[in-house]
Amino acid sequence: MHFEERTIKVIIDEEKCLGCKTHVCAQGCKTYDRSLLVIRDGKPALSGDAEYAKRVGTECLACEYECWFRGNKAITIEAPTPGLEAYRKKYGIP
Amino acid sequence: MARLFEYQGKELLKKAKVPIPRGEVAATPQEAAKIAEKIGKPVVIKAQIWAGGRGKAGGIKFAENPAEAQAVAGNLLGVEIKKLKVEKVLVEEKLNIANEYYVGVIIDPSMGVRSPVVMFSTEGGMDIETVPPEKIAQMKVDVLRGFRVYDALNLAANLKVPTPSLPVIGQAIMGLYQTFKDYNCRTAEINPLVVTKDGKVIAGDCRIAIDDSSVYRHPEFGIEVARESPTPPTELDKIAWWIEEGDLRGTAYIAQMVPEIKGLNFVGYHGLGGGGAILGVDALNREGLKIADYADTSGNPTAAKVYRAAKVIFSQPGIEAYFLGGFIVANQEQWHHAHGVVKALREELPKRPGFPCVLMLCGNREKEALEILREGTADLPGRIEIYGSEKVYETEFLAKRVKALILEYRKDRGIKEE
């Protein structure tokens, strides 16, 4: 699944979530954001619709962090800055 | 405040019926010669840079004829004056000055005022801050009542401007106020407002800055970064501006200090809290280090915003360290900073093993923030040191740590110390 907040995209590889016992993404979301993520049928799911996530999400990045360290590394957050990739390429920054 | 160049400001004054000298802007010596030819009399050639004191710095020259104008413009274009590159010059008729006045409109934000203030002085051509108060007439404008022609006349009359000049000077003051209002300025100045020997009143020079929050209303100026700056924005400044342009959740101020890093000792600087962050810069400077950029993420920005700021800082070629300088016991929830910084470091450090990072976060949620920083960076290949409020006043210690880690990093890479 994936969903967007105002300027970021959260991508969750649900295959990896299957064996997850900690469900730290939802806990992190509750602590640092606004409980956009909840656990439904053993997997992360949105508590509201996509528009709701976009409107109220605080882009805290906590679900990705928690999943790295206590989950199954199933979450990737994309937060690009337009033009930065090309700038780095131009100046040889890897 | 987003500044305009003199030639842009004068165009606005012209629209407001304030007389300006005959002239045009030129980007090449040949264009300067053509303009001088069109004017058909001695000209003044003025470097278009965002700096005061151009005359003393060699940025204002005179020419008697088009050939001379071409030579003078050739000498000015492309050179650096006050560390600013001259890309355009304004070629104008030379004025026969009899008298010089000052007119300015500023916003006084103090609690007792909070309104525009119109100022007039008979001491034109000087820095207004150096003029004694008795030679400045001023009026706080009630914006509901407005500023009227007789207010302008009263200001000039209070300082005993000769009666024949009063109407034209009054009109120039009105024109400046109108410009200030129409273009949402923070400051607008004509200095000097010249009275020529044949009795004409002309705006000799002007300085106009648009309020940052109003820049979007004036796309005609082509202002790419709505922020006060002594220099035009760099390529990276423009990219970084996107982060905060439309996202008002906290700030992500980023300004490159040098467009291109040459040599050693440059640090990617990520400060928190404007004044506190400057303490860190001072400490780094005392250690012989320089900041490649000045960044400030404050006001409880989102973690995504902090992450992007850190990524921009890491995108500067030639930096030798990253310094998160939270020299402030902040009210903002610092765990968002921790999450943002950790995400950036986890992307950046594997690509530059041993890279020095000194991280300090203090204030609200400090304990949790430091835990996130420690856990999130424990497996990374950088030289990472993490501090909290126990070191908030110890800028010198932290700058020394940055320096020490840089020296180790240089050793790793076989780079000799400077």
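Letters go in sequence order (proteins before strands), and every chain restarts at 1.
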Using atom types as modelled and distance alone, determine if a side-chain donor or acceptor of Y65(A) lies under 3.5 Å from a backbone N or O of I372(B). yes

Top contributor to chain A contacts, counting heavy-atom pairs under 4.5 Å, from D379(B), L236(B), V342(B): L236(B)

Determine, step by step, whether R352(B) and I93(A) satisfy the side chain to side chain contact (heavy atoms under 4.5 Å, CB included) criterion, reporting the C-alpha distance in whole Å, the side-chain angles of both residues, the deciding distance to 0.1 Å, and the verdict. CA-CA 10 Å; R352(B) 44 183 114 195; I93(A) 305 287; 4.0 Å; yes

Atom CD of E85(A): over 12 foreign heavy atoms under 6.0 Å: no

Taking atom NZ of K391(B) as the centre, does the number of heavy atoms from other residues, nucleotides or ligands within less than 6.0 Å exceed 12? yes

Mind checking the CD1-NZ spacing from I8(A) to K305(B)? Nearest 0.5 Å is all I need. 13.5 Å

Under a 4.5 Å heavy-atom cut-off, does chain B meet the side chain of T58(A), its backbone, both or neither? backbone

Are there over 12 heavy-atom neighbours, none belonging to E220(B), within less than 6.0 Å of that residue's CD? yes

Measure the spacing between CZ of R365(B) and OH of Y32(A) and express it to the nearest 0.5 Å. 8.5 Å

Decide, yes or no, whether a salt bridge links E348(B) with R88(A) under the criterion of side-chain N to carboxylate O below 4.0 Å. yes

Leading residue by heavy atom contact count with chain A [cutoff under 4.5 Å; candidates V306(B), I239(B), D247(B)]: I239(B)

Assess the residue pair K90(A) and E235(B) against the criterion (side chain to side chain contact (heavy atoms under 4.5 Å, CB included)); give the C-alpha distance rounded to whole Å, side-chain angles, the decisive distance to 0.1 Å, and a yes or no. CA-CA 11 Å; K90(A) 183 175 167 184; E235(B) 199 179 345; 2.9 Å; yes

Should we count CD of E80(B) as having more than 12 external heavy atoms under 6.0 Å? yes

Atom pair CD1 (I254(B)) and OG1 (T81(A)), whose distance is rounded to the nearest 0.5 Å: 8.0 Å

Does N331(B), at its CG atom, have more than 12 non-hydrogen atoms belonging to other residues, nucleotides or ligands within less than 6.0 Å? no

Could you tell me the separation between the CD1 atom of I243(B) and the OG1 atom of T7(A), rounded to the nearest 0.5 Å? 9.5 Å

Pick one of side chain, backbone, both or neither for Y91(A), based on which atoms fall under 4.5 Å of a heavy atom in chain B. both

Between H339(B) and chain A, with a heavy-atom cut-off of 4.5 Å, which part of the residue counts as in contact: side chain, backbone, both or neither? both

Between CD of E64(A) and CZ of R346(B), what distance do you get to the nearest 0.5 Å? 9.5 Å

Using a heavy-atom distance cut-off of less than 4.5 Å, which residues of residues 307-320 of chain B contact chain A? Y307(B), R308(B), K311(B), V312(B), F314(B), S315(B), Q316(B), P317(B)

Smallest separation among heavy atoms of A303(B) and C60(A), with atom names: CB-O, 3.2 Å

Ranking R249(B), H336(B), K351(B) by heavy-atom pairs under 4.5 Å to chain A gives rank one to R249(B)

